[in-house]
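One structure below.
Letters A, B, ... are given to chains in the order of the sequence lines, protein chains preceding strands, and every chain is numbered from 1. As a basis for the values below, the full set of heavy atoms in this structure was taken, side chains included, without hydrogen atoms, waters or symmetry mates.
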Protein chains: 2
Amino acid sequence: MPGATEQKIIDAAVRLFAAQGYDATSVQEIVAAAEVTKGALYHYFRAKDDLLFEIYRLLITSQSADMDRIIGLGLPAAETVREILVSLVVSTAERVDETAVFVRELQRLGEERMAEFRAERRRYHETFLAVIEKGQADGEFSSVVPADTVVRIAFGVVNQLPMWYRPDGAKPPVALAGEIADFVLAGLR
Amino acid sequence: MPGATEQKIIDAAVRLFAAQGYDATSVQEIVAAAEVTKGALYHYFRAKDDLLFEIYRLLITSQSADMDRIIGLGLPAAETVREILVSLVVSTAERVDETAVFVRELQRLGEERMAEFRAERRRYHETFLAVIEKGQADGEFSSVVPADTVVRIAFGVVNQLPMWYRPDGAKPPVALAGEIADFVLAGLR
DNA sequence: GTGAGCATACCGACCGGTCGGTAGGGTGGT
DNA sequence: ACCACCCTACCGACCGGTCGGTATGCTCAC
């Protein structure tokens with residue numbers, strides 16, 4: 001539960017990192033945007049990349065929880081896939097800036113933290129993969145296209161979403177999410 | 001038609017930008033990797049971001065040409081879509097580094113160049129969109145999912161490809177391309 | 001001799017991070 | 001009731017180092 005100052009710093013960092021990139025954003029810019037001082041920032045964070053770490057942690061934690069919750073419902077494969085995709089697209093649309101930073105600057109994490117995130121990401125990936133494979137094994141889905149390719153396609157759209165999605169666009173996120181889910185499910189018939 | 005020195009510089013820049021990011025790569029690193037000196041680099045390029053510009057230009061030019069060639073064949077919509085996707089996936093796999101840089105650092109281009117690329121990108125986008133819309137109008141494709149969403153999904157995978165594709169992986173690019181095309185076409189039935 | 005193709009030495013700006021210090025609110029001994 | 005003490009939160013000037021870019025001059029093919 002971050003305090004007000006801490007939160008202002010993270011919000012400003014997310015906004016600036018998304019708009020300009022991590023390296024192109026100076027600590028000075030962040031503190032100016034957050035209306036705090038450098039002293040305050042380094043009081044709460046040991047280094048600039050702790051900000052990145054924190055941004056990723058918040059995003060991943062909430063998305064993992066979403067997926068686990070949906071799988072816990074025990075729905076049929078098709079409905080599970082739909083629920084996962086809709087929730088993922090909607091939550092990504094809600095947090096485009098965080099996602100943009102995540103996708104673009106993942107590599108900037110140090111070795112150890114990188115490994116930690118890869119593991120979590122892999123788990124996330126494989127949970128979704130298992131749902132599709134089960135659907136294929138049960139005959140609910142077609143097996144023409146291998147499950148891992150389907151997963152790649154699905155995560156591909158989501159991760160690219162920050163490139164074109166605009167909150168003030170014509171299609172509300174939930175409509176978009178529905179279309180994407182429709183298309184993926186159509187491909188699995 | 002770049003000379004040998006110029007080409008060495010671009011190759012080194014692509015490799016380093018892909019591995020570390022644009023801002024995290026210093027001009028010193030580039031000239032060291034290319035085995036030239038700073039004088040040589042600034043003899044051929046006016047600024048560091050001219051390198052980015054050149055990388056993008058080479059990539060976009062060749063991909064646009066590929067797509068125009070395929071459309072020129074005048075095949076039925078389904079085959080056109082398949083050909084476009086396969087050629088795009090294969091050529092992206094051949095140039096993962098360029099694509100990674102392109103996707104990650106597009107924003108670093110200045111306003112004017114950015115506008116130029118957006119226009120070219122839009123044209124590319126809309127050419128593919130038109131193929132799908134025509135297929136839907138002719139009844140060859142289903143219209144359940146709007147064409148623009150299909151385009152977003154297709155380009156999503158391709159742009160994310162550098163994140164997971166490894167040239168030494170189990171699946172050769174052409175197999176991968178086939179699977180992706182199969183899936184997209186299945187979604188269009 | 002002259003211009004293309006480099007090499008080398010160097011510049012000022014700016015960057016992430018540090019550090020000595022302060023403001024103010026709680027706390028415990030008397 | 002009061003004050004000594006401390007601790008958290010924060011300030012902002014400053015530092016060493018690195019960065020993109022430049023100025024100048026050599027060399028060699030034509």
*List the atom of A:Leu88, the atom of A:Thr92, and the distance in Å for their closest heavy-atom pair.*
O-OG1, 2.6 Å
*Minimum heavy-atom distance between B:Ser91 and B:Gln63, given as atom pair plus value*: OG-NE2, 3.6 Å
_Let's see if you get this right: which residues in residues 42-50 of chain A place a heavy atom under 4.0 Å from DNA chain C?_
A:Tyr42, A:Ala47, A:Lys48
*With A:Arg104, which residues qualify under side-chain contact (heavy atoms from CB on, under 4.5 Å), at least two apart?*
A:Ala100, B:Arg104, B:Gln107
Under 3.5 Å, N/O pairs linking protein and nucleotides 27-30 of chain D:
none

*asked:* Below 4.0 angstrom, which residues in residues 13-27 of chain B have at least one non-hydrogen atom near DNA chain D?
replied: B:Thr25, B:Ser26, B:Val27
*With sequence neighbours left out, write down each residue that passes ring-ring contact (aromatic ring centres under 6.0 Å, His included) with A:Phe45, or none if nothing qualifies.*
none
_A:Arg82/A:Glu79 ion pair, N-O < 4.0 Å_ = no
_Greater than 12 external heavy atoms within 6.0 Å of B:Glu35's CD_ = no
_For B:Lys134, side-chain hydrogen bond (donor to acceptor under 3.5 Å, both in side chains) partners two or more places apart_ = B:Asp138
*Enumerate the residue pairs fulfilling ring-ring contact (aromatic ring centres under 6.0 Å, His included) with a member in residues 82-129 of chain A, sequence neighbours excluded, ordered by first and then second residue.*
A:Phe53-A:Phe117, A:Tyr56-A:Phe102, A:Tyr56-A:Phe117, A:Tyr124-A:Phe155, A:His125-A:Phe155, A:Phe128-A:Phe155
*asked:* Restricting to side-chain hydrogen bond (donor to acceptor under 3.5 Å, both in side chains), what partner residues turn up for B:Asp49, sequence neighbours left out?
replied: none
_Tell me every residue that passes side-chain hydrogen bond (donor to acceptor under 3.5 Å, both in side chains) with A:Ser142, counting only those two or more places apart in sequence or in another chain._
none
_Cation-pi check, B:Lys48 onto B:Tyr22 ring (under 6.0 Å, within 45° of axis)_ = yes
*Would you call B:Val96 and B:Arg166 a side-chain contact if the rule is heavy atoms closer than 4.5 Å?*
no
*Is the shortest heavy-atom distance from the side chain of A:Arg113 to the side chain of A:Asp50 under 4.5 Å?*
yes
*For DNA chain C, note the earliest and the latest nucleotide, 5' to 3', having some atom under 4.0 Å of a heavy atom belonging to chain A.*
C:dC15 to C:dT18
*With sequence neighbours excluded, what pairs up with A:Thr99 under the side-chain hydrogen bond (donor to acceptor under 3.5 Å, both in side chains) test?*
none
*Does any residue of residues 102-110 of chain B have a heavy atom under 4.0 Å from DNA chain D, and if so, which ones, in number order?*
none
_Please evaluate residues B:Thr25 and B:Ile30 with respect to the criterion side chain to side chain contact (heavy atoms under 4.5 Å, CB included), reporting the C-alpha separation (whole Å), side-chain torsions for both, the decisive distance (0.1 Å), and the verdict._
CA-CA 7 Å; B:Thr25 302; B:Ile30 298 173; 3.7 Å; yes
